[in-house]
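In what follows, a single structure is set out as structure tokens and then discussed.
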Amino acid sequence: MTYLSLPQRLHSLSLATATLLLTLLSPISLSPNLSLSLSTQVQAQIPQNQLGAAQQLLDEGIDLYQQGQMQEALNRLEEASNLFEQVEAPVEETIALTQIGLIYEHRQQYDDALNAYEQALSLAKTFDDPYQEAIILDYMGSVYSSLEQYSQALDLHQQSLALFREVDNRRSEGIVLGNIGKVYFAQDQNEQAIDFLKEALNIYQDLEENILEGEVLYYLGLSHQNLKEYAPALDFHEQALDIFNAENIPELQALALYNMGIIYSQQGKEEMAQTSYQDALAIFEELGDEQGVAAIRYQMETLDQ
């Protein structure tokens, strides 16, 4: 990516942090059409002790996942998935498998993640829930993007997008549009990235989804940066920074400031670049982010040369 003069260290830092934001804000793996409580029909067919055990395992697994306790969450969710399979509860098994996929994806165990997602997708098709199918397809697209298999990623995201449009869920549509924009961005196809990111931005602004709006603004800034269109790049980063400040997301505040520093440096505005770098450095130091600190110090040393 041409917007960074530091090699891959900060490249991966910026993309990983922004990607994490989008992942955490993606539609969760639970469709609004799928309750965590088992359906009445299933409840009638399952002994109460099995029903309670399955439900408790699923609830505990999701809670542990949200707390970041990934291995403990995985253990509970795998138990829940096995029990739901035994009692023939495909809706609830799909929920458990999707959560398992998310954990493996978080741990960068991509083959395991795809296996879990594929099982979940097959089950989702049996009870005809396009919303749940769309969520799983989008997650699968993100895995292929992480593997840099961009053609497969785009195909899956496009399938997901079509389904979200079919069920008229605009928030999820915006998320997938943003993911498609990120795939083009990762391939340095910045014009295409900008087109999809702007579509996502319009949806987020309509829905007043501020954090998602900030994430897309950040990527729009990076895309214009790659094209050396510094005025719009700076404008998008400043808008993103305003949102990250308002929402108190320090990691992304620092990244926006870092990229603003890069732009000022490329424009020969060294004093403004230094100020942006200093502000970003203070945040990274407070967070104890050694990678971020090293990246900023490198840029500041380069500026002084």
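- Cluster membership for Ile135 and Leu161, using ILVMFWY side-chain heavy atoms within less than 4.5 angstrom, is shared.
- Separation of atoms CD (Gln69) and CG (Asn75) is listed at 11.5 Å; rounding is to 0.5 Å.
- Looking only at distances, a side-chain donor or acceptor of Thr126 sits under 3.5 Å from a matching main-chain atom of Leu123.
- A single hydrophobic cluster is seen to contain both Tyr219 and Ile243, as judged by linkage of ILVMFWY side chains at heavy-atom distances under 4.5 Å, directly or through other members.
- Listed for the Thr94 side chain is a donor-acceptor partner under 3.5 Å among the backbone atoms of Pro90.
- For Asp63, the side chain to side chain contact (heavy atoms under 4.5 Å, CB included) partners at least two apart in sequence or on another chain are Gln66, Gln67.
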If you apply the rule side chain to side chain contact (heavy atoms under 4.5 Å, CB included), what do you find for Phe185 with Asn226, and how did you get there? CA-CA 9 Å; Phe185 171 79; Asn226 280 345; 3.4 Å; yes

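- Under the 4.5 Å side-chain criterion, counting only non-hydrogen atoms from C-beta, Tyr104 is not in contact with Leu114.
- Ala134 approaches Ser160 most closely through the heavy-atom pair O-OG, 2.7 Å.
- Under the 4.5 Å side-chain heavy-atom criterion for Ile, Leu, Val, Met, Phe, Trp and Tyr, Met140 and Tyr184 are members of the same hydrophobic cluster.
- In terms of heavy-atom proximity, Gly214 sits nearest to Ala240 at O-CB, 3.6 Å.
- Across every non-hydrogen atom of Ala280 and Ile296, the tightest pair is CB-CD1, 3.8 Å.
- In this structure, a donor-acceptor pair under 3.5 Å is present between the side chains of Gln152 and Gln149.
- Legend: side chain to side chain donor-acceptor pair (under 3.5 Å) pairs involving residues 235-244, not counting sequence neighbours, sorted by first then second residue: Gln225-His237, Asp235-Gln239.
- Remark: Glu199 engages Arg165, Leu177, Phe196 in a side chain to side chain contact (heavy atoms under 4.5 Å, CB included) (not counting sequence neighbours).
- You'll find the side chain of Glu251 stays beyond 4.5 Å of the side chain of Leu255, heavy atoms only.
- Residues passing the salt bridge (charged side-chain N to carboxylate O under 4.0 Å, His left out) test with Glu85: none are found, sequence neighbours excluded.
- Annotation: the span from Gln189 atom CD to Ser223 atom OG amounts to 11.0 Å, rounded to 0.5 Å.
- Taken from CG in Leu201 to CD1 in Ile194, the straight-line distance is 12.0 Å, to the nearest 0.5 Å.
- Residue pairs meeting the salt bridge (Lys or Arg N to Asp or Glu O under 4.0 Å) criterion with at least one partner in residues 107-122, sequence neighbours excluded, do not occur; the list is empty.
- Every residue two or more places apart in sequence or in another chain was checked for a side chain to side chain donor-acceptor pair (under 3.5 Å) with Gln108, and none qualifies.
- Within the 4.5 Å cutoff, the side chain of Tyr204 has heavy atoms near those of the Ile175 side chain.
- Grouping Ile, Leu, Val, Met, Phe, Trp and Tyr residues whose side-chain heavy atoms lie under 4.5 Å apart, directly or via other members, leaves Leu57 alone, with no other cluster members.
- When side chains are defined from C-beta on, Tyr277 counts as touching Leu303, because their heavy atoms get closer than 4.5 Å.
- Residues that satisfy the side chain to side chain donor-acceptor pair (under 3.5 Å) test with Asn245, not counting sequence neighbours, are absent from this structure.
- Counting heavy atoms from C-beta on, the side chains of Gln187 and Val183 come closer than 4.5 Å.
- Every residue two or more places apart in sequence or in another chain that forms a side chain to side chain contact (heavy atoms under 4.5 Å, CB included) with Asn248 is listed here: Pro250, Gln253.
- Residues Val216 and Phe236 are not in side-chain contact: their nearest non-hydrogen atoms beyond the backbone lie 4.5 Å or more apart.
- Clustering of Ile, Leu, Val, Met, Phe, Trp and Tyr by side-chain heavy atoms under 4.5 Å joins Met260 with Tyr230, Leu234, Leu241, Leu257, Ile263, Tyr264, Met272, Ile283, Leu287.
- Residue pairs that meet the salt bridge (Lys or Arg N to Asp or Glu O under 4.0 Å) test with at least one member in residues 74-83, sequence neighbours left out, are Glu60-Arg76.
- Side chains of Tyr117 and Leu102 form a contact here, defined as non-hydrogen atoms less than 4.5 Å apart.
- Taking CG of Leu77 as the reference point, atom CE of Met70 lies at 10.5 Å (rounded to 0.5 Å).
- With rounding to the nearest 0.5 Å, the separation of OG1 in Thr98 from CD1 in Ile136 is 4.0 Å.
- A 4.5 Å side-chain heavy-atom check between Glu290 and Val293 finds every atom pair outside the cut-off.
- In this structure, Arg170 does not pair ionically with Glu209, as no charged nitrogen and carboxylate oxygen lie closer than 4.0 Å.
- Atoms CD and CD1, from Glu72 and Ile103 in turn, are 9.5 Å apart once rounded to the nearest 0.5 Å.
- Closest approach of Gly61 to Ala73, counting heavy atoms only: O-CB, 3.4 Å.
- Residues Ala54 and Ala80 come closest through the heavy atom pair O-CB, 4.1 Å.
- Aromatic pair Tyr150/Tyr144: centroids not less than 6.0 angstrom apart.
- The side chain to side chain contact (heavy atoms under 4.5 Å, CB included) test applied to Ser142 returns Glu105, His157, Asn179, not counting sequence neighbours.
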Verify side chain to side chain contact (heavy atoms under 4.5 Å, CB included) between Asn259 and Tyr218, making sure each step is shown before the conclusion. CA-CA 9 Å; Asn259 283 289; Tyr218 174 82; 3.5 Å; yes

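- Ring planes of Tyr131 and Phe164: perpendicular class, angle over 60° (limits at 30 and 60°).
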As a quick check of understanding, evaluate side chain to side chain contact (heavy atoms under 4.5 Å, CB included) for Ile203 and Arg171, giving each step before the final call. CA-CA 7 Å; Ile203 290 174; Arg171 183 182 186 276; 5.8 Å; no

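- Minimum heavy-atom separation, Gly141 to Ala153: O-CB, 3.3 Å.
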Determine whether Leu227 and Glu191 satisfy the following criterion, side chain to side chain contact (heavy atoms under 4.5 Å, CB included), listing intermediate values before the conclusion. CA-CA 8 Å; Leu227 294 169; Glu191 292 88 350; 3.5 Å; yes

